[in-house]
Amino acid sequence: TQSTWDIMESANKEGYFGSLKPAQEKALQDFVAQIEKLNAENWKYDLTQFDTYDYLRFLRARKFNVTKSVEMFSNYIKWRIEFGLDQIFLFKFPEKDAVKAVYPHGFHKTDKEGKPIYIERIGITNIDLLFTKTTKERIMRYYVREYEKQRNYVYPACSNAMGRKIETGLTIIDLKGGQSVLLTPRCYNFVKVASTICQNYYPEMLDKMFIVNCSWALKAGWIIIKAFLDAKTCKKIHILDGKYLHELTKYIEPSNLPQFLQGTCECKPNGCLLQNEGPWKEYYDKFPSETDEKDLNVPLAPLKWKVQQPMNEV
């Protein structure tokens, strides 16, 4: 049974589970049939880890063009196999604390709709110093591992907490302190690779992105980065100067914004980007240590939905 809130939401969510048009329903059926046939004949991959919500993300990304959606998902499965993604939680990243010290980032609480908030403080990131702590290859593997944690733990935990399906998040990129960081070749290349992974293999997971403390020079940098993003993604991105609080608090309670973003939250003892505060905390706190080899052999299983009836995405 759907709540009135869910029904109202679904009216504005065409292409999502619970609000598909007949042609989209047919596209979904054809997509699943073709994927299952390809899997039986070629990949022999465990598709049980994907559900209708996952399939619809790829269909929306290609505007329900079945041929293009099947191609996109096929490339995704081939990449998962080549990357060894089913073993990604065994990957150790002991330099994580050192990396986060020069590249502050992480999930921090939720917005007013229960979606996870992801924050990056790009303005104070030292790209050159970052690559003395790790390598491009290792940070990309860490980046992908965090996407898998997001897919398997963050969104399910938020869905359990809200009692409805959550499969998108809100991102804040804080540029305070960095007038030219986006224009450096290393940052340019890092963003290019990261955005390619995001768009090709984890589509339709962004609800909104706010880039705050953006000066005129940084807006020039945004023009460069925008070239790597598709038009649909660009529409979700909002560029704001230092007077951004009014816009952010339309979607986020001040108590869920860190003080460095003009909010009132001050997580102790480690700071907002190191505390894992949010519905996913109990799972993240149990996640194997980056330096404990024994524990790393026992990765956590993905969460199961507490709500069994169909849920609409928000």
Side-chain angles (χ1 to χ4, degrees), residues 88-89 91-111 114-127 129-131 133-134 138-158 161 166-178 181 187 190-191 194-195 197-198 202 205-213 244 248 251-291 300 303:
I88 194 65
F89 291 135
F91 170 67
K92 296 177 294 181
F93 197 64
E95 64 266 43
K96 179 178 177 180
D97 288 346
V99 165
K100 294 192 83 167
V102 297
Y103 169 37
H105 63 278
F107 283 98
H108 180 260
K109 299 188 176 181
T110 59
D111 69 7
K115 299 174 185 177
I117 301 169
Y118 175 74
I119 300 169
E120 288 195 1
R121 301 187 72 182
I122 293 294
I124 60 173
T125 294
N126 187 322
I127 292 292
L129 189 56
L130 170 64
F131 287 108
K133 310 296 182 183
T134 190
R138 285 184 59 77
I139 199 167
M140 279 301 131
R141 186 161 286 271
Y142 162 73
Y143 181 82
V144 169
R145 189 190 71 177
E146 295 307 291
Y147 253 112
E148 286 296 296
K149 287 170 75 173
Q150 183 178 345
R151 190 173 74 89
N152 287 293
Y153 295 90
V154 174
Y155 290 149
C158 290
I166 303 288
E167 65 173 305
T168 59
L170 186 152
T171 293
I172 302 172
I173 305 295
D174 181 14
L175 300 182
K176 186 175 182 178
V181 65
C187 185
F190 178 75
V191 170
S195 63
I197 290 173
C198 172
Y202 299 96
M205 291 175 69
L206 176 68
D207 178 56
K208 297 178 185 68
M209 177 185 287
F210 295 94
I211 302 178
V212 302
N213 289 308
Y244 57 80
L248 288 189
Y251 307 97
I252 306 168
E253 295 291 351
S255 58
N256 283 4
L257 277 173
Q259 287 187 350
F260 62 79
L261 288 173
Q262 303 179 27
T264 61
C265 186
E266 187 180 13
C267 294
K268 296 181 178 180
N270 299 318
C272 291
L273 298 186
L274 295 175
Q275 292 289 98
N276 294 322
E277 289 298 331
W280 54 86
K281 181 175 176 58
E282 64 176 297
Y283 304 98
Y284 265 47
D285 285 352
K286 293 176 184 176
F287 209 77
S289 165
E290 299 287 1
T291 57
L300 296 176
L303 297 172

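The residues of the chain are indexed from 1 along the displayed sequence.
For Lys109, there are no salt bridge (charged side-chain N to carboxylate O under 4.0 Å, His left out) partners two or more places apart in sequence or in a different chain.
No side-chain heavy atom of Trp280 sits under 4.5 Å from any side-chain heavy atom of Pro156. Side-chain contact between Phe210 and Thr171 is absent, with no heavy-atom pair separated by less than 4.5 Å. Side-chain contact between Phe89 and Asn152 is present, with at least one heavy-atom pair separated by less than 4.5 Å. Within the 4.5 Å cutoff, the side chain of Leu170 has no heavy atoms near those of the Asp207 side chain. Residues Gln150 and Met205 are in side-chain contact: their nearest non-hydrogen atoms beyond the backbone lie under 4.5 Å apart.
Here the closest heavy-atom approach between residue Cys272 and residue Cys267 is recorded as SG-N, 3.5 Å. Pro104 and Leu273 make their closest contact through C-CD1, 3.8 Å (heavy atoms, listed as atom of the first residue, atom of the second, distance). Heavy atoms only, all atoms of each residue included: Thr264 and Ser255 are closest at OG1-CA, 3.2 Å. Listed here is the closest heavy atom pair of Tyr147 and Cys198: OH-SG, 3.1 Å. The shortest non-hydrogen separation linking Ile166 to Pro116 is CG2-CD, 4.0 Å. Shortest non-hydrogen contact noted between Tyr284 and Val154 is OH-CG2, 3.4 Å.
Expressed to the nearest 0.5 Å, how far NZ of Lys208 lies from CD1 of Ile252 amounts to 9.5 Å. Atoms CG and CD, on Asn256 and Glu253 in that order, are 7.0 Å from each other to the nearest 0.5 Å. Separating the CZ atom in Arg121 from the NZ atom in Lys176 is a distance of 8.0 Å, to the nearest 0.5 Å. Taken to the nearest 0.5 Å, the CD atom of Glu282 stands 12.0 Å off from the OH atom of Tyr153. Taken from CD1 in Ile122 to CG in Leu175, the straight-line distance is 7.5 Å, to the nearest 0.5 Å. A distance of 8.0 Å separates CD1 in Ile172 from CZ in Phe260, rounded to the nearest 0.5 Å.
Applying the side-chain contact (heavy atoms from CB on, under 4.5 Å) test between Thr134 and each of Tyr142, Phe93, Tyr103 identifies Phe93 as the sole match. Partner Glu290 forms a salt bridge (charged side-chain N to carboxylate O under 4.0 Å, His left out) with one of Lys100, Arg145, Lys92 and no other, that one being Arg145.
Between Glu148 and Tyr202, the side chains place a donor N or O and an acceptor N or O closer than 3.5 Å (distance only, hydrogens not considered).
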